[in-house]
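Following: one structure in structure tokens, then a few remarks.
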2 protein chains.
Amino acid sequence: MESVQNIVSVGQQIRALREAHGLPLRKVAAELDIDTSILSKIERGHRQANRQQVCAIARIFGVDEKELIIQYLSDKVIDELTNEEWAEDALKVAEEKLKYYTRK
Amino acid sequence: MESVQNIVSVGQQIRALREAHGLPLRKVAAELDIDTSILSKIERGHRQANRQQVCAIARIFGVDEKELIIQYLSDKVIDELTNEEWAEDALKVAEEKLKYYTRK
DNA sequence: GTATTTTTGGACAAATTTAGTCCAAATGGA
DNA sequence: TCCATTTGGACTAAATTTGTCCAAAAATAC
């Protein structure tokens, strides 16, 4: 089922891609021009990747940039809302606002 | 119609409340312990209020804290997503993730 | 129309957050 | 055991946030 795939964080997806290609942190971190420990933390969600890094990952592993960016953005949204009592209500209102701003 | 009310930003709501009470920036800013220029910027969306300030506003004007916090949070979400091509998709995924994390 | 109050804009500063390096310790094969 | 990989944490630099201060603009009162 495809919906399960969406539940993972962008970090988990990066780790899955890297392991599927059998590459060590060292190699991918070098491509991203960051230390291995940072990449390790990104993959485990202890740090957030930035947009450029996410795009670079998509390029490196030849996957659809759109899908990875959507994961990245949704992770940032979740970050803003975790531990918030009215998170779901806020998301609903955000959707209304977004529709309002982007129509016409 | 009630949905229109949700379209305004928390800043716009603060300004509406302040003007409805006939108070100058000076008075409300003093209560929040910030400069008038900051409050002016918050009301016009040039700066973001923080959680405590939003709660203080709700208390000062005697309105439901929940409603104002929801506006505040949704504004932060919108901030993350404006100018993003796949903003709507990201919101959808964020909803799935939130449901997943908060169930059980 | 001038005086007064309110609001806004921008230069600046302090404090906090973010993003990274570096290295030592832990983990995991062969 | 040896070696490569991964992780944790102390530390630093850069960027962002959050605010002050004050002058200019706009609105209001008289």
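Remember, it's a predicted structure, so these values are computed and weren't measured experimentally.
Using a 4.0 Å cut-off, some side-chain N or O of B:Q53 falls inside it from OP1 or OP2 of D:dG19. Contact annotation: B:R15 does not reach the phosphate of C:dT6 (side-chain N/O to OP1 or OP2, under 4.0 Å). In terms of phosphate contacts, A:S40 brings a side-chain nitrogen or oxygen within less than 4.0 Å of OP1 or OP2 of D:dT7. Side-chain N/O atoms of B:R18 include one lying less than 4.0 angstrom from OP1 or OP2 on C:dT7. Note on B:R47: every side-chain N or O is 4.0 Å or more away from OP1 and OP2 of D:dT16.
B:L23 places its CG atom 17 Å from the P atom of C:dT5, with the value rounded to the nearest Å. With rounding to whole Å, A:E43 atom CD is found 12 Å from D:dT5 atom C1'. Distance, B:Q48 CD to C:dT17 C1': 15 Å, rounded to whole Å. Rounded to an integer number of Å, the gap from CZ of B:R26 to P of D:dA27 is 18 Å. The separation between A:L39 atom CG and D:dA4 atom C1' is 16 Å, rounded to whole Å. Atom CG in A:N50 sits roughly 13 Å away from atom P in D:dA15 (whole-Å rounding). As a whole-Å value, the separation of B:L25 CG from C:dG9 P is 12 Å. Summarising the geometry, the separation between NE2 on A:H46 and C1' on C:dT18 is reported as 17 Å, rounded to the nearest angstrom.
The residue among B:I42 and B:T36 whose nearest nucleotide of DNA chain D is located toward the 5' end is B:I42.
Here A:E95 pairs with B:K92 in a salt bridge; the nearest charged N to carboxylate O distance falls below 4.0 Å.
Nearest to the side chain of B:D35, among D:dT7, C:dT8, D:dC21, sits D:dC21. Considering only side-chain atoms of B:I34, the nucleotide from D:dT20, C:dT6, D:dT5 that sits closest is D:dT20. In this structure, of D:dT7, C:dT7, C:dG20, it is D:dT7 that holds the atom nearest to the side chain of A:R44. Side-chain proximity of A:I38 to D:dT20, C:dT21, D:dT18: nearest is C:dT21.
Scanning atom types as modelled, no donor and acceptor separated by under 3.5 angstrom connect the side chain of B:S37 and the base of D:dC22. Residue-to-nucleotide contacts include no donor-acceptor pair under 3.5 Å from the side chain of B:K41 to the base of D:dG19.
Contact of the A:I34 side chain with the A:Q53 side chain is registered, since non-hydrogen atoms from C-beta on lie closer than 4.5 Å. Between B:V77 and A:L98, the closest side-chain pair of non-hydrogen atoms is not below 4.5 Å.
Of all heavy-atom pairs between A:L25 and A:R15, the closest is CD2-NH2, 4.4 Å.
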Checklist entry - How far apart are the C-alpha atoms of B:I57 and B:V28, what are their side-chain angles, what is the distance that settles it, and do they pass the side-chain contact (heavy atoms from CB on, under 4.5 Å) test? => result CA-CA 8 Å; B:I57 289 287; B:V28 178; 3.9 Å; yes

